[in-house]
Amino acid sequence: MGTQSDIKLIDENGLRLDGRKPGDLRPLKIQAGVLERADGSALIEWGGNKIIAAVYGPREAYPKHNQDINKAIVKARYNMAAFSVDERKRPGPDRRSIEISKVLSEALESSIMVEQFPRAQIDVFIEVIQADAGTRIAGLTASSVAIADAGIPMRDFVTGCTAGKVDGKVVLDLSKEEDNFGQADLPIAVLPRNNRIVLMQMDGDLTLEEFDQATSMIMGAIPRINEIQRSALSSRIKVQDSGGE
Ligand code: CDP
């Protein structure tokens with residue numbers, strides 16, 4: 001969270017800098033099957049975010065001492081391209097991307113039937129090509145589509161959204177300015193069938209009441225986001241059926 005600044009993020013009519021109302025999502029588009037070599041893939045465009053998720057596996061885990069005899073290991077690797085942000089991002093893993101990779105791996109593992117693939121590994125590469133805000137959630141939401149595109153058995157999708165607090169108000173799906181100059185950012189991801197939470201992090205401060213408001217806004221948006229994930233897959237299947245790529 002940035003420090004409080006003079007930038008006014010919500011105007012006198014209650015509208016945000018990009019014209020959205022507090023409960024509106026940024027434009028969201030997902031396309032499945034965008035890479036030919038990967039077992040599964042997806043491109044998500046969410047606000048100004050452009051992120052590709054590529055899935056490989058399940059395949060034998062290597063090195064062997066990493067294998068789990070009871071289940072597949074899920075390894076997500078979140079990476080921001082050097083040109084994805086205003087100030088060049090130094091290439092390679094940093095503390096932030098290592099942390100994000102860990103929480104995304106855990107969230108995805110809870111959605112996959114990992115027990116069906118002992119000793120295997122499922123790799124999920126998340127490449128942020130253009131970053132706006134909410135890239136971990138957008139990357140996770142895309143990864144779940146890519147895993148389904150790879151035909152890997154899943155209990156459910158993982159579907160996420162963020163909410164936060166800007167100019168003292170709780171709003172859904174923070175933009176970059178809101179993320180930088182707001183007072184709190186709360187990314188949450190769930191398995192939408194039973195709303196089980198598989199990722200929750202918070203940056204900044206919210207009162208209990210604001211936290212409840214933020215979580216209900218997110219839960220209200222989850223079915224819409226999940227619908228977009230599902231239609232990305234069904235359009236992919238339609239293209240395949242009609243003899244397309
Ligand atoms: O992207 P997300 O909101 O999940 O994570 P964050 O750590 O809260 O980062 C918020 C935003 O800050 C990112 O989406 C990027 O636009 C920006 N950022 C950046 O400009 N340079 C970095 N090295 C990391 C993040």
Side-chain angles (χ1 to χ4, degrees), residues 1-5 7 9 16-18 20 22 24-30 42-53 76-108 124-146 158-167 169-190 197-206 210-211 214-215 217-218 221-222 225 228-229:
M1 284 299 93
T3 45
Q4 196 59 13
S5 79
I7 297 185
L9 296 165
R16 298 152 74 177
L17 280 184
D18 53 12
R20 282 185 294 152
D24 288 348
L25 286 173
R26 292 173 292 177
L28 169 58
K29 217 164 82 180
I30 306 176
L43 165 68
I44 190 163
E45 294 173 72
W46 190 340
N49 293 316
K50 281 194 176 47
I51 303 171
I52 289 188
R77 176 180 162 279
Y78 166 102
N79 182 52
M80 273 182 141
F83 54 81
S84 66
V85 283
D86 296 337
E87 235 171 81
R88 178 178 178 275
K89 153 85 174 63
R90 197 159 166 251
D94 52 18
R95 281 178 61 171
R96 175 178 172 275
S97 58
I98 292 168
E99 175 211 310
I100 295 179
S101 299
K102 181 173 187 290
V103 292
L104 299 195
S105 301
E106 289 168 1
L108 290 169
V124 183
F125 297 92
I126 299 152
E127 294 290 327
V128 179
I129 308 301
Q130 184 170 283
D132 195 2
T135 57
R136 77 195 61 202
I137 284 296
L140 181 57
T141 301
S143 298
S144 190
V145 173
V158 177
T159 309
C161 192
T162 70
K165 183 174 162 187
V166 299
D167 285 358
K169 286 209 174 61
V170 174
V171 299
L172 187 68
D173 191 19
L174 302 186
S175 67
K176 181 123 166 66
E177 292 75 17
E178 292 171 338
D179 186 298
N180 288 354
F181 303 112
Q183 296 112 43
D185 175 16
L186 173 74
I188 290 185
V190 301
I197 293 175
V198 293
L199 179 148
M200 181 188 280
Q201 299 189 284
M202 189 162 92
D203 193 6
D205 293 311
L206 290 175
E210 288 164 346
F211 179 81
T215 47
M217 266 186 176
I218 291 174
I222 292 291
I225 300 166
I228 296 171
Q229 290 178 297

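Scope of the values below: all heavy atoms of this structure, side chains included, with no hydrogens, waters or symmetry mates. Quantities reported herein were computed from a predicted structural model and do not represent experimental measurements. Just so you know, ligand 1 is whichever comes first in the structure, and atom 1 is the first atom listed for that ligand.
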Under a 3.5 Å distance rule, please check whether Q130 uses its side chain to pair with a backbone N or O of G48 as donor and acceptor. yes
Side-chain (S144) to main-chain (T141) donor-acceptor, under 3.5 angstrom: no
Determine whether any heavy atom of G134 lies closer than 4.0 Å to an atom of ligand 1. yes
Proximal ligand 1 atoms for A131, defined as those under 4.0 Å from one of its heavy atoms: 15 (C), 16 (O)
After noting the C-alpha distance and the side-chain angles of V198 and E106, does the key distance pass the side chain to side chain contact (heavy atoms under 4.5 Å, CB included) rule? CA-CA 8 Å; V198 293; E106 289 168 1; over 6 Å; no
Which pair of heavy atoms, one from L9 and one from D167, lies closest together, and at what distance? N-OD2, 2.8 Å
Could you tell me whether some N/O pair between R96 and ligand 1 is separated by less than 3.5 angstrom? yes
Of the listed options (D185, D132, T162), which comes nearest to atom 16 (O) of ligand 1 when hydrogens are ignored and any heavy atom counts? D132
Report, in ascending order of atom number, the atoms of ligand 1 lying under 4.0 Å from any heavy atom of D179. 3 (O), 8 (O), 10 (C)
Between N49 and D132, is there a donor-acceptor pair closer than 3.5 Å when you use the side chain of the first and the backbone of the second? yes
Any nitrogen or oxygen of T135 lying under 3.5 Å from a nitrogen or oxygen in ligand 1? Just yes or no. yes
Using a 3.5 Å cut-off on N or O atoms only, is N180 in polar contact with ligand 1? no
Would you say R20's side chain and D173's backbone share a donor-acceptor pair under 3.5 angstrom? yes
Looking only at heavy atoms, is any part of K176 under 4.0 Å from ligand 1, and if so is it the side chain, the backbone, or both, or is it neither? side chain
SB check E178 K169 (cutoff 4.0 Å): no
May I ask you to check if ligand 1 and I100 share an N or O to N or O distance below 3.5 Å? no
